[in-house]
Amino acid sequence: MKPGIPKGTRDFLPKEVARRNFIFNTMRTVFVKYGYQPIETPAMENLSTLTGKYGEEGDKLLFKVLNNGDFLSKADEQALEAKDSQKLVSSISKRGLRYDLTVPFARFVVMNQNDINFPFKRYQIQPVWRADRPQKGRYQEFYQCDVDVVGSNSLMLEAELVQIYDEVFSKLGLDVTIKINNRKILAGMAEAAGIADKLVEMTVAIDKLDKIGKEGVRKEMIERGIPDTAVDTIEKILEVKDLDTLKPLLANSEQGTKGIEELQAVFDFLDSYQMNNTLNFEITLARGLSYYTGFIVEVAADKVDIGSIGGGGRYDDLTGIFGMKDMSGVGVSFGAARIYDAMTALDSFPAEAEENLQLLLIAFDEASHRYAFKCLNQLRAAGIVAELYPDPVKLKKQMKYANGREVKFVALAGDTEMSNNTLALKNMETGDQEQKSLEDIIKFFT
RNA sequence: GUGGGUAUAGCUCAGUUGGUUAGAGCGCUAGAUUGUGGUUCUAGAGGUCGCCGGUUCAACUCCGGUUACUCACCCCA
């Protein structure tokens, strides 16, 4: 049969996994340093946990898992008859693959509230699935790396998350711009423009500014039913570059004023911290997700045009739908695939990101193969990453394998080496070769 | 959900206005070379030209349909 994998999914070669792990490990180190604890949730959630959380569009993008057994016998016959797929789903599928890490986290918090300490700081690095049409840099299966705090309103946490972004990206060697804003400021804008009821429409349009430009945003807002005069007001406010200028413009809006105060508080916390990257107040930052209620943040790589490589914000009541009121949360997410792509484009992976084989042993015949195997065990015991070619086949074949593995040193074992208890250590780059005792080889590598 | 592109050897791809036996590079196997790789050279294995149908004396090539993948849009990371 012809091999294949589902669309929007990928295989990862050893080199890619090593590099991805480098990214994950860097993040973990920082997360742990800031006191965040790891959790994991199942790949599958109850479909009822997921549906309705991501809007109508989101529901369509949920992967549903078909019930086991004779699922048709319990199927909704009317829906089946009418070929109404939407309606049929609930009777033949009770589980779905998780769409993000935030909603499962909310569910997790409510279910495990007796076992966790609040405020609860967690990080989570796991794949998520979306039944979206794939395109460049967008897949149906991809990793999300989320850091969230639930159970505290403190704006210190916003500042802390900005620091985490700053530290992770500087450790990864990526120059980034961290853009922050506050949803309440956007709400204030809508209020000032007299279109408080059209906040979502306005937000969705503004969010596209980078992509479709000022004119495009104007067009989109008008198409979404925002009057010309309101659009004029909004456009004027969008020109603002700093909080002080903004203050009088939103003075009549309680929400807007609160948003400015909150954002100012975040900046004040960060006064004592020396940023490695650029931190900007960006009034045009909106972010798509509707559950954000306060602080919002997005990260873009400076030297490569790859879109957003991370984002997040505060959501006042995420756990409410699961029956736990007044649990404020704030969190950010790292887009692993895009960070990988950005680092690849800039060639900024350090050599140690690849855990390479240090030494390959090669034997000429059965007897020396046994001898090499003994040496191998001692080398490994000394902590050297070593391997013996499994069969004493032709040298050419074994050397070819060594080239393929990109191993820097090969140790050859034959009659001569066996008789004087050595190995012939060969540098694959220079071609130099020298007879060395096992002790000398171990010393050489350690 | 809407629109475009592609589908030929294990992989990446050529294939002329439709014409005899469908090619290249890489990879694989063997040899030149019984203790030495990256460069060479020689030979070999490997194909339902995505699938179904139509046009034609003749289809990898043209037409219709279909499936898969992919790119862009909507939305999103």
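What you see below is based on every heavy atom in this structure, not just the backbone, and it leaves out hydrogens, waters and symmetry mates. In the text below, chain A, chain B and the rest are named by the order of the sequence lines, each starting its count at 1.
- Between the P atoms of B:U17 and B:C26, the separation comes to 29 Å (whole Å).
- Across B:C76, B:U36, B:U29, the shortest atom-to-atom separation from the side chain of A:Lys397 is found for B:U29.
- The P atoms of B:C75 and B:A14 are separated by 35 Å, rounded to the nearest whole Å.
- With both ends at atom P, the span from B:U16 to B:A7 equals 12 Å, rounded to whole Å.
- Of the listed nucleotides (B:C75, B:G37, B:G1), B:G1 has the atom at the smallest distance from the side chain of A:Arg133.
- Among the heavy atoms of the strands lying under 4.0 Å from A:Gly414 is at least one base atom, whether or not backbone atoms are also near.
- Comparing B:C73, B:C75, B:G38 by their nearest atom to the side chain of A:Gln135 picks out B:C73.
- The side chain of A:Lys136 approaches B:A72 more closely than any other nucleotide in the set B:U36, B:A72, B:C75.
- B:U70 and B:A9 have their C1' atoms separated by 22 Å, with the value rounded to a whole Å.
- Nucleotides B:G15 and B:C52 have their C1' atoms positioned 24 Å apart, rounded to a whole Å.
- The side chain of A:Lys400 lies closest to B:C28 when the candidates are B:G38, B:C28, B:C76.
- Side-chain proximity of A:Lys396 to B:G35, B:G38, B:C75: nearest is B:G38.
- Taking atom CD of residue A:Glu417 and atom C1' of nucleotide B:U36, one finds them 11 Å apart after rounding to whole Å.
- In this structure, the nucleotide among B:U70, B:A77, B:G35 sitting nearest to the side chain of A:Phe142 is B:A77.
- Candidate nucleotides B:C71, B:U36, B:G38 were compared by shortest atom distance to the side chain of A:Phe364, and B:U36 ranks first.
- When each of B:G35, B:C74, B:G3 is scored by its nearest atom to the side-chain atoms of A:Thr416, the top-ranked nucleotide is B:G35.
- The CG atom of A:Asp132 sits 10 Å away from the P atom of B:C76 (whole-angstrom rounding).
- Between A:Tyr139 atom OH and B:C76 atom C1' the separation is 15 Å, expressed in whole Å.
- B:C76 is unpaired under the Watson-Crick or G-U wobble criterion, no partner having all donor-acceptor distances under 3.5 Å.
- A:Leu395 places its CG atom 11 Å from the P atom of B:U34, with the value rounded to the nearest Å.
- Counting non-hydrogen atoms under 4.0 angstrom, A:Gly312 reaches nothing in the nucleic acid.
- Nucleotide B:A32: paired with B:U40 (Watson-Crick or G-U wobble, both distances less than 3.5 Å).
- A pairwise comparison of heavy atoms in A:Leu318 and A:Ala106 identifies CD2-CB, 3.6 Å as the closest pair.
- Residues A:Glu417 and A:Thr422 meet the side-chain proximity criterion, which asks for heavy atoms closer than 4.5 Å.
- Residue A:Gln398 is out of contact with every strand shown, counting any heavy-atom pair closer than 4.0 Å.
- With a cut-off of 3.5 Å on both Watson-Crick or G-U wobble distances, the partner of B:G3 is given as B:C71.
- A close approach under 4.0 Å does not occur between any side-chain nitrogen or oxygen of A:Lys394 and OP1 or OP2 of B:U33.
- Shown here, B:G19 forms a base pair with B:C57; the pair counts as Watson-Crick or G-U wobble because both key distances fall under 3.5 Å.
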